[in-house]
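Here the structure is laid out as structure tokens; the discussion comes afterwards.
All residue numbers in this chain count up from 1 along the given sequence.
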Amino acid sequence: MGFPDKALALYVGDAVHNLRCALDYLITACAKANGGREDRTEFPIVKAGGKKADLTKGLWKLKDAGPLATELVKRARPYPRGNPHLVAVGELDRFDKHRLILAVQSSVDISVRTGGWNNLPMDTIRSVRRNGRGSFMPVNPGYEEALAVDMEFSAEILFAPGGPLAGKPCHASLQMLSGAVTDVIATFEEAFGTIGFARSLPRVT
């Protein structure tokens, strides 16, 4: 199939959309508990490049959710200089509505153990990136004709250029975004005195 599998774009897009939906479901639940309308509520997130003042323009989406929900959203700071992780969730989800998140860029690191030839001690050489375009394997003097004993390849799927997380590892980034959403949910649970489910979720430290 080659590496990476292009279906990963679908998986990553689905994961990001689920994170964004979790925030909207949170506000919808608040509106229902507050006796308000559920069909016009949304967790407001300022777009990339926006400012803190732009959040005020979106607070009307919280009217039916009540004043406590509004205050908790303000504390979450969903604007670029406040909580860039929440902004990334919003931007990636918006991006995915129009085209796939092309999480098909890959990074491969190579290490080679060599030596044991002409009395050379064992040595390990690793690939080195050069201007982000491929890599080369520098060989220490005297090892030019040494035999390779074994090799290891480690690969990473990265967010492709053009988005807020361009060049960053998809797996680690999704864990980071998930943690940001979990933190928001946890503050709502504590403030409303509901079951503390979010705090029980495993977190990456």
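The main-chain N or O of L174 is never found under 3.5 Å from a side-chain atom of S178 such that the two would form a donor-acceptor pair. Side-chain N or O atoms of T70 include one that pairs as donor or acceptor with a backbone N or O of G66 at under 3.5 Å. Distance alone, capped at 3.5 Å, is enough to place a donor-acceptor pair between the R20 side chain and the F43 backbone. Formation of a donor-acceptor pair under 3.5 Å by the N34 side chain with backbone atoms of G36 is not found in this model.
In this structure the side chain of F95 never reaches within 4.5 angstrom of the side chain of V16, judged on heavy atoms. Counting heavy atoms from C-beta on, the side chains of I110 and V112 come closer than 4.5 Å. Counting heavy atoms from C-beta outward, V12 and F159 have side chains that approach closer than 4.5 Å. Residues L23 and L86 have side chains in contact (heavy-atom distance under 4.5 Å, counting atoms from C-beta outward).
For the side chain to side chain donor-acceptor pair (under 3.5 Å) test, no residue two or more places apart in sequence or in another chain qualifies with E38. Every residue was checked against the salt bridge (Lys or Arg N to Asp or Glu O under 4.0 Å) condition with D123, not counting sequence neighbours, and none meets it. Shown here are the side chain to side chain contact (heavy atoms under 4.5 Å, CB included) partners of T187, two or more places apart in sequence or in another chain: there are none. By the side chain to side chain contact (heavy atoms under 4.5 Å, CB included) test, P84 is found to be paired with no residue, residues two or more places apart in sequence or in another chain being considered. With sequence neighbours left out, the side chain to side chain contact (heavy atoms under 4.5 Å, CB included) criterion links L55 to P44, V46, L59, P78, Y79. Every residue two or more places apart in sequence or in another chain was checked for a salt bridge (Lys or Arg N to Asp or Glu O under 4.0 Å) with R81, and none qualifies. Residues meeting the side chain to side chain donor-acceptor pair (under 3.5 Å) test with N18, sequence neighbours left out: none. The side chain to side chain contact (heavy atoms under 4.5 Å, CB included) search around Y25 returns C21, not counting sequence neighbours.
Through side-chain heavy atoms spaced under 4.5 Å, either directly or across other Ile, Leu, Val, Met, Phe, Trp or Tyr residues, M122 is tied to V149.
I185 approaches A22 most closely through the heavy-atom pair CD1-CB, 4.4 Å. The minimum heavy-atom distance between L165 and M176, with the atom names listed, is CD2-CE, 4.4 Å. Minimum interatomic distance between V184 and A76 (heavy atoms only, all atoms of both residues): CG2-CB, 4.0 Å.
Within 6.0 Å of OH in Y11 there are 12 or fewer heavy atoms belonging to other residues, nucleotides or ligands.
Screening residues 83-92 for salt bridge (Lys or Arg N to Asp or Glu O under 4.0 Å), with sequence neighbours left out, gives E91-R94. Within the structure, the salt bridge (Lys or Arg N to Asp or Glu O under 4.0 Å) test picks out the following pairs touching residues 57-67 (sequence neighbours left out): R40-D64, E42-K61, D54-K57. Identified under the salt bridge (Lys or Arg N to Asp or Glu O under 4.0 Å) test for residues 158-170, with sequence neighbours left out: none.
Atoms CZ and CG, from F153 and D109 in turn, are 11.0 Å apart once rounded to the nearest 0.5 Å. Interatomic distance, D150 CG to T114 OG1, rounded to the nearest 0.5 Å: 9.5 Å.
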